[in-house]
Amino acid sequence: MRIAVTIFLTDETITPTRLARELEGRGFAGLYLPEHTHIPVERTTPYPAGGELPREYGRTLDAFVALGQAAAVTERLGLGTGITLVAQHDPIDLAKQVATLDHLSGGRFTLGIGFGWNAEEAADHGVRWQTRRELGRDRMALMRALWSEEPVAYEGEFGSVRASHAHPKPVRKPRGPVVGPRTLLGGAAGPKLFAHICEYADGWLPIGGRGLSESLPRLRTAWTEAGRDPEALQVVPYAVHPTPGKLAHYAGLGIEEVVVQLPPAGEAEVLKALDAYQEYL
């Protein structure tokens with residue numbers, strides 16, 4: 001099983017380059033970074049985990065800049081977002097960022113995407129909360145047009161792009177309906193999420209990995225009914241606090257990669273956490 005990590009990198013934590021070098025040297029599979037552009041002070045949306053929102057949410061580094069630094073000092077380490085809030089981006093700009101990072105890293109990028117939880121943050125980006133999933137789906141379709149080998153126009157409900165020359169292209173070749181880098185969709189289990197995964201993603205990025213024994217068979221059924229290759233589905237539990245029993249359970253479900261959580265801390269504390277995770281490699 002491949003073990004990757006995720007961390008809230010901030011202006012107060014270990015640096016992207018220091019962490020990336022440590023991860024590659026120790027044999028970890030990848031580094032996934034979350035995204036928040038800002039956290040409005042006047043916020044009514046409750047923190048999903050309960051209690052006060054942790055300090056690091058409002059101090060998060062830009063994921064693409066940080067991953068670009070990580071790519072520059074490594075050769076094998078996987079690089080990913082967990083998650084990119086697609087609805088909060090201009091899709092033409094985002095398509096260029098994604099393709100550039102994937103190209104410069106030699107195809108090591110995984111685009112983890114999702115729809116977010118902070119309604120106030122999304123509103124400042126002009127996102128209507130009730131339609132954020134449809135907006136994200138539309139923006140992914142527009143980006144696929146720009147990533148296509150030949151110029152393709154796209155006209156959607158929320159945006160459009162003319163047939164265009166847009167390079168570089170992501171390294172991976174199209175897989176069924178999926179065009180672009182490895183793409184994983186985050187979110188809670190349910191028919192709507194699973195339909196979107198089957199439509200435009202390579203698999204699922206479930207936060208915490210709870211309840212997979214019940215939900216994974218439903219996703220596999222939806223995936224097969226959508227005509228996707230059963231062997232191609234990827235499920236990557238995300239932000240996991242690992243134990244030997246938990247990882248053995250995932251392995252029994254056919255899961256090949258897990259993303260474990262690191263503390264949003266300085267170098268000494270992060271390296272100590274990596275030492276503790278070494279037994280799982």
Can you check whether [X] reaches [Y] side chain to side chain, under 4.5 Å on heavy atoms?
X    : Y    : result
R137 : Y200 : yes
L111 : T84  : yes
P174 : E149 : no
D93  : K96  : no
T183 : I113 : yes
E256 : M1   : no
V98  : P181 : yes
L205 : I207 : no

Common cluster, [X]/[Y], ILVMFWY with side-chain heavy-atom separation under 4.5 Å:
X    : Y    : result
L79  : V65  : no
V86  : Y32  : no
L193 : L135 : no
L274 : V73  : no
L101 : L33  : yes

**Report entry** Distance under 6.0 Å and angle within 45° of ring axis: R144 vs W147
**Finding:**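 Cation-pi check for R144 and W147: fails.
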
Please name the pair of heavy atoms, one in [X] and one in [Y], separated by the smallest distance, quoted to 0.1 Å.
X    : Y    : result
A166 : K169 : O-NZ, 2.8 Å
E35  : H89  : OE2-NE2, 2.8 Å
V152 : A145 : O-CB, 3.7 Å
I7   : Q261 : CA-NE2, 4.0 Å

Query - Derivation and outcome, side-chain contact (heavy atoms from CB on, under 4.5 Å), residues V258 and K246 - result: CA-CA 10 Å; V258 173; K246 190 180 294 185; over 6 Å; no

Would you say the side chains of [X] and [Y] form a donor-acceptor pair under 3.5 Å?
X    : Y   : value
D124 : H38 : yes
E121 : Q88 : yes
T10  : R55 : no

Could you check whether [X] pairs with [Y] (Lys NZ or Arg NE/NH1/NH2 to Asp/Glu carboxylate O, under 4.0 Å)?
X    : Y    : answer
D11  : R59  : yes
K192 : E134 : yes
E257 : R182 : yes

Query raised in the report: Taking it one step at a time, do T6 and Y238 satisfy side-chain contact (heavy atoms from CB on, under 4.5 Å)?
Result: CA-CA 8 Å; T6 184; Y238 188 78; 2.5 Å; yes

Requested in this report: Start with the C-alpha distance between E22 and E267, add both sets of side-chain angles, then the distance that settles side-chain contact (heavy atoms from CB on, under 4.5 Å), and finish with yes or no.
Outcome: CA-CA 10 Å; E22 281 289 335; E267 183 172 316; over 6 Å; no

Report task. Verify the ring-centre separation between F194 and W204: is it less than 6.0 angstrom? Result ->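 Under 6.0 Å, so yes.
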
Query raised in the report: So, Y57 versus Y47, ring centres under 6.0 angstrom or not?
Result: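 Between Y47 and Y57, which both carry aromatic rings, the centre distance is below 6.0 Å.
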
Over 12 foreign heavy atoms within 6.0 Å of [atom1], [X]:
X    : atom1 : value
H249 : NE2   : yes
R26  : CZ    : yes
E279 : CD    : yes

Requested in this report: Evaluate the salt bridge (charged side-chain N to carboxylate O under 4.0 Å, His left out) criterion for residues D102 and R108: first the C-alpha distance (whole Å), next the side-chain angles of each, then the deciding distance (0.1 Å), finally the verdict.
Outcome: CA-CA 6 Å; D102 195 51; R108 289 186 277 150; over 6 Å; no

**Report entry** Parallel, tilted or perpendicular: ring planes of F64 versus F109, cut at 30 and 60 degrees
**Finding:**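 Aromatic pair F64/F109 classed tilted.
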
**Report entry** D229 vs R175, salt bridge (charged side-chain N to carboxylate O under 4.0 Å, His left out): CA-CA, chis, key distance, verdict
**Finding:** CA-CA 10 Å; D229 177 3; R175 293 88 59 202; over 6 Å; no

Query - Check against side-chain contact (heavy atoms from CB on, under 4.5 Å), I92 and L142 - result: CA-CA 8 Å; I92 299 174; L142 189 154; 4.0 Å; yes

